[in-house]
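A quick write-up on the structure given underneath.
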Amino acid sequence: MDHYKKEIGRVLAPLVMLDEFRVTELLEEPPDPELGDLAFPCFSLAARQKKSPAAIAAELSASLSGKRGIFWEKANAKGPYLNFYFDYPVFARDLLKRIYDEGPEYGKTGVGGGGVIVIDYSSPNICKPFGIGHIRSTVIGHALSLILEAQGYRCLGINHLGDWGTQFGKMIVAFERWGDSEKLHQDPVNYLYHLYVRFHQEADTDASLDEEARHWFRRLEDGEKEAVDFWELFRRLSLENYDKIYDLLGIKFDYYHGESHYNDLLDDAIRLVQEKGVAVESEGALIVDLEEFGLPPAMLRKKDGATLYLTRDLAAAQYRQRTFHFVKALYVVGAEQTLHFQQLVKILELLGFPWARDCIHVPFGLIRFKEGRMSTREGKMILLEEVLQRSIDLARKIIEEKNPDLADKESAAKAVGLGAVRFGDLSNDRIKDVEFDWDKVLDFSGETAAYIQYAHARICSILRRAGTAAPAWSEEAAGSLGQAEERALVKTLAAYPEKIAASAEGYRPSILARYLIDVARDFNRFYHECPVLVDDPELRQARLLLIAAVRRVLKNGLGLLGIAAPEEM
RNA sequence: GCGCCCGUGGUGAAAGGGAUAUCACGCAGGCCUCCGGAGCCUGAAGUCGGGGUUCGAAUCCCUGCGGGCGCACCA
């Protein structure tokens with residue numbers, strides 16, 4: 001749509017004494033197609049011209065009367081708005097040609113200029129099963145990396161595994177006391193998790209366990225072989241389990257740099273904050289006092305000498321800038337860690353790093369049960385693997401009912417089942433908390449991925465019947481779209497590039513997800529009103545080109561959310 | 001106690017300060033001899049309370065209420 005706004009900007013700018021950019025910025029879409037296709041609100045001119053917005057709109061309308069542009073054919077005043085009406089044959093032809101020519105590239109831009117964005121996402125904790133709680137970071141982070149790539153950035157996905165910290169002392173204590181090597185190898189992650197839960201239960205009544213755990217972690221940090229061997233075993237077994245999930249989701253990380261990856265850099269990081277006088281000793285610990293910035297103190301080293309999460313993030317940020325020269329570093333991490341990242345960025349600023357402001361926390365809300373918060377410590381959790389499997393199973397069952405002759409049911413079931421779970425997470429504003437509900441997860445009607453995928457499959461089906469996967473371009477035909485449902489659909493397709501841009505700028509995949517629902521809805525309305533395979537060859541070709549363009553946008557758009565668009569389902 | 005986030009029909013959500021607040025689930029009714037009914041159409045139903053800024057507020061500010069999350073030896 002930006003393309004079409006520019007033309008109006010050029011026409012209007014001299015008339016309203018504003019620059020073209022400002023005019024295009026002010027242009028908006030009227031709430032009702034009867035009111036035109038783009039509107040210029042005259043309110044902001046009223047004070048300067050000392051006239052009512054409606055009078056200004058009327059004057060502009062008068063001076064444009066009888067005139068037209070390339071894409072618009074008339075402009076009318078309606079109250080305080082100056083409304084522009086598109087010349088639909090010209091507009092539709094231009095847009096469809098653009099989509100036809102650009103194909104998979106439609107909607108992409110090069111604004112990123114190849115700049116590197118490192119995205120820290122997914123980041124599960126070793127020794128714990130992959131719970132539903134980790135789906136948000138995983139799918140949001142993955143979608144953002146795809147969306148930002150489409151904006152011309154080079155994205156590096158980093159899985160910041162929770163593979164270091166006091167919890168490994170706990171794991172070692174638990175395994176030493178109660179562990180069984182045979183059981184461990186039968187079902188590693190669940191068994192480790194079982195031990196982890198038991199540790200917390202027993203630690204409630206036996207304080208010496210925590211003390212012992214801290215001691216073991218200290219030995220781990222000192223590199224004692226016995227401790228390191230345990231850690232390596234736990235880490236390897238856990239990673240093997242996570243890889244199954246990532247394979248299923250089609251996610252590949254550029255780096256599995258867990259917290260342990262930065263161990264050798266911690267001394268330097270601590271030395272730097274000390275040399276710069278940023279950190280001070282307090283009660284035996286090393287802290288950064290952030291009181292003047294309205295933040296609580298940040299601890300970098302405990303009194304027993306062990307480091308913390310923040311210490312590792314501090315070292316990691318410097319490592320990432322040094323190694324990748326990022327233009328942005330995104331942390332796709334839960335909103336409950338907002339304070340942590342505020343402290344991290346503030347410390348980086350105090351250290352004088354100009355790139356501190358390029359470190360951006362992309363927070364999201366918590367997944368909760370009806371009864372309250374999920375707690376991995378108490379063993380209250382839902383496995384992501386189970387959610388994905390049940391969703392795929394249900395999709396398979398529905399396909400079995402609705403499309404028993406389908407050749408490849410399994411890949412369609414995966415596309416629909418996995419798509420449902422992903423879309424469910426991506427389609428709402430990420431900052432909001434969500435309540436986990438099996439019925440909602442396992443629902444393929446309404447505003448879901450299946451709705452979009454179904455529209456896509458229908459289009460593919462019509463094109464198969466028409467005997468072509470890719471209808472040939474026809475200049476004359478493309479101009480013959482004028483019915484209300486066709487006009488609405490064309491206009492929605494035109495918005496795709498700016499929706500991607502908005503998604504990227506706000507780090508909000510939900511903008512793109514919502515938009516794809518709109519496209520599918522507009523297509524369904526068109527589908528029920530406008531038969532494609534009609535006798536009139538020109539209209540038929542025009543509609544084939546239109547639905548091919550819809551298919552393109554649905555497929556590209558779903559792709560950016562990490563969701564497959566099967567041709568049949 | 002202090003700080004941050006969220007309050008939109010019965011339920012779940014959308015709305016880059018703009019025209020008559022949009023959609024889904026559920027509910028009531030209708031649509032397959034016609035390109036795939038995982039769909040389409042019609043209907044009932046809503047911005048937490050109170051101030052303020054603005055020509056204009058669901059949106060920005062203040063305040064109250066409700067919910068969530070944080071706040072030195074976890075991550």
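Note on naming: letters A, B, ... go to the chains in the order of the sequence lines (proteins, then strands), and numbering restarts at 1 for each one. Only heavy atoms go into these numbers, but all of them, side chains included; no hydrogens, no water, no symmetry mates.
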Fill in the blank from the handout: In whole angstroms, the gap separating P of B:C23 from CG of A:Asn428 amounts to 17 Å
Handout entry: Base B:A19 paired with A:Asn83 side chain (donor-acceptor, <3.5 Å)
Key = yes
Fill in the blank from the handout: Quick note, A:Pro31 side chain, CB onward, closest among B:G16, B:C74, B:A19 is B:A19
Exercise for the section: With heavy atoms under 4.0 Å as the rule, sort A:Ala335 into base, sugar-phosphate or nothing. Expected result: nothing
Exercise for the section: Kindly point out which of B:G70, B:A72, B:A75 is positioned nearest to the side chain of A:Ile287? Expected result: B:A72
Problem - Touch class at under 4.0 angstrom, heavy-atom based, for A:Val416 against every strand present - result: base
Handout entry: B:C61 glycosidic torsion: syn (within 90° of 0) vs anti
Key = anti
Exercise for the section: Take atom P in B:G9 and the same atom in B:U63, then report the distance between them in whole Å. Expected result: 25 Å
Problem - Gap between atom CG of A:Leu60 and atom CZ of A:Phe40 - 0.5 Å precision - result: 7.0 Å
Handout entry: Atom-pair distance (CG on A:Leu209; P on B:C74), nearest Å
Key = 15 Å
Problem - 5' priority, RNA chain B, between A:Arg214 and A:Ser461 [closest heavy atom] - result: A:Ser461
Handout entry: Phosphate contact (B:G36 OP1 or OP2) by A:Arg465 side-chain N/O below 4.0 Å
Key = yes
Problem - Stepwise side chain to side chain donor-acceptor pair (under 3.5 Å) test for A:Glu221 and A:Thr307 - result: CA-CA 9 Å; A:Glu221 282 212 306; A:Thr307 58; 3.1 Å; yes
Problem - A:Phe168 ring center near A:Phe234 ring center (under 6.0 Å) - result: no
Exercise for the section: Find the distance A:Phe523:CZ to B:C35:P and express it as a whole number of Å. Expected result: 13 Å
Handout entry: Value in whole Å for how far the P atom of B:A75 lies from OH of A:Tyr262
Key = 16 Å
Exercise for the section: Using the P atom on both, measure B:U47 against B:U33 and round to a whole Å. Expected result: 42 Å
Fill in the blank from the handout: Separation between CG (A:Leu310) and CE (A:Met299), nearest 0.5 Å, reads 10.5 Å
Practice task
Identify whether any heavy atom of A:Glu283 sits under 4.0 Å from a base atom; if not, whether one sits that close to sugar-phosphate; answer base, sugar-phosphate or nothing.
Solution key: base
Problem - A:Asp313 and A:His340: side chain donor to acceptor below 3.5 Å - result: yes
Handout entry: Minimum-distance nucleotide (side-chain atoms of A:Lys303 versus B:C73, B:A19, B:G70)
Key = B:C73
Exercise for the section: Pick the P atom in B:A21 and in B:C25, then give their distance to the nearest Å. Expected result: 22 Å
Handout entry: Out of B:A13, B:C35, B:C73, whichever nucleotide has its closest atom nearest the side chain of A:Arg514
Key = B:A13
Completion exercise
With syn defined as a glycosidic angle within 90 degrees of 0 and anti as anything else, the base of B:A72 is syn
Handout entry: Distance between C1' atoms of B:A45 and B:G50 (Å, rounded)
Key = 26 Å
Exercise for the section: Classify the nucleic acid contact of A:Asp518 as base, sugar-phosphate or nothing, counting any heavy atom under 4.0 Å across all strands shown. Expected result: nothing
Problem - Between B:C4 and B:G12 - C1' atom distance, rounded Å - result: 25 Å
Practice task
Answer with yes or no whether the side chains of A:Gln201 and A:Tyr196 bring together a donor and an acceptor at under 3.5 Å.
Solution key: no
Practice task
Check if the side chain of A:Ser282 and the base of B:A72 share a donor-acceptor pair of N or O atoms closer than 3.5 Å.
Solution key: yes
Completion exercise
Between NE2 of A:His340 and C1' of B:C5 the distance, given in whole Å, is 18 Å
Exercise for the section: On RNA chain B, check which nucleotide each of A:Arg464 and A:Asp2 is closest to and give me the residue with the more 5' one. Expected result: A:Asp2
Problem - Donor-acceptor contact present, side-chain A:Ser52 to main-chain A:Ala55, <3.5 Å - result: yes
Handout entry: Candidate nucleotides B:A72, B:A75, B:G36, ranked by approach to the side chain of A:Gln337 - the nearest
Key = B:A75
Handout entry: A:Tyr451 and A:Asn524: side chain donor to acceptor below 3.5 Å
Key = yes
Exercise for the section: Ignoring hydrogens and angles, state whether a donor on the side chain of A:His215 or A:Asp304 is under 3.5 Å from an acceptor on the partner side chain. Expected result: no
Handout entry: For RNA chain B, stems built from three or more consecutive Watson-Crick or G-U wobble pairs below 3.5 Å
Key = B:1-7 with B:65-71, B:10-13 with B:22-25, B:27-31 with B:39-43, B:48-52 with B:60-64
Practice task
Using distance alone, with no hydrogens and no angle criterion, decide if A:Gln483 and A:Arg543 have a side-chain donor and acceptor under 3.5 Å apart.
Solution key: yes
Fill in the blank from the handout: Residues at least two apart in sequence or cross-chain that pass side chain to side chain donor-acceptor pair (under 3.5 Å) with A:Asp393, listed by chain then number, are A:Arg396
Handout entry: Per-nucleotide protein contact string for nucleotides 39-45 of chain B, where B marks a base within reach and S marks sugar-phosphate only (heavy atoms under 4.0 Å, - for neither)
Key = BSS----
Exercise for the section: Specify the separation, in whole Å, of atom CZ of A:Arg301 and atom P of B:C73. Expected result: 16 Å
Problem - A:Leu339, nearest nucleotide to its side chain (from B:G36, B:A15, B:C71) - result: B:C71
Practice task
Taking only the side-chain nitrogens and oxygens of A:Lys302, find out if one of them lies under 4.0 Å from OP1 or OP2 of B:C74.
Solution key: yes
Problem - Below 4.0 Å: OP1/OP2 of B:G70 and any side-chain N or O of A:Thr338 - result: no
Handout entry: Of the listed nucleotides B:C6, B:C69, B:U20, the one nearest the side chain of A:Glu336
Key = B:C69
Problem - Rounded distance in Å - CD1 (A:Ile56) to P (B:C55) - result: 14 Å
Exercise for the section: Report the C-alpha separation of A:Ser510 and A:Asp429 in whole Å, then their side-chain angles, then the decisive distance to 0.1 Å, and conclude whether the side chain to side chain donor-acceptor pair (under 3.5 Å) test is met. Expected result: CA-CA 6 Å; A:Ser510 62; A:Asp429 195 354; 4.7 Å; no
Problem - Nearest-Å distance once atom P is located in both B:C40 and B:A24 - result: 7 Å
Practice task
Just call it for A:Arg508: base, sugar-phosphate, or nothing, with non-hydrogen atoms closer than 4.0 Å on any strand.
Solution key: sugar-phosphate
Exercise for the section: Mind checking A:Gly79 for me? I need base, sugar-phosphate or nothing, with any heavy atom below 4.0 Å counting as a touch. Expected result: nothing
Practice task
Using the P atom as the reference point in each nucleotide, state the distance between B:C6 and B:C48 in Å, no decimals.
Solution key: 14 Å
Problem - Short side-chain N/O contact to B:G16 OP1/OP2 from A:Lys499, under 4.0 Å - result: no
Problem - N/O (side chain, A:Lys440) to phosphate O (OP1/OP2, B:A24) under 4.0 Å - result: no
Handout entry: Euclidean distance, atom CG of residue A:Asp429 to atom P of B:A14 [Å, nearest integer]
Key = 5 Å
Handout entry: Span that lies between the C1' atom of B:A75 and that of B:G39, in whole angstrom
Key = 46 Å
Handout entry: Donor-acceptor pair between A:Arg312 and A:Asn263 side chains, under 3.5 angstrom
Key = no
Exercise for the section: Go through the steps for A:Asp522 and A:Thr492 under the test side chain to side chain donor-acceptor pair (under 3.5 Å), then give the verdict. Expected result: CA-CA 8 Å; A:Asp522 283 348; A:Thr492 301; 2.5 Å; yes
Problem - Nearest-nucleotide pick for A:Glu447, side chain only, options being B:C35, B:C23, B:A72 - result: B:C23
Completion exercise
Ranking B:C35, B:C73, B:A19 by distance to the side chain of A:Pro531, first place goes to B:C35
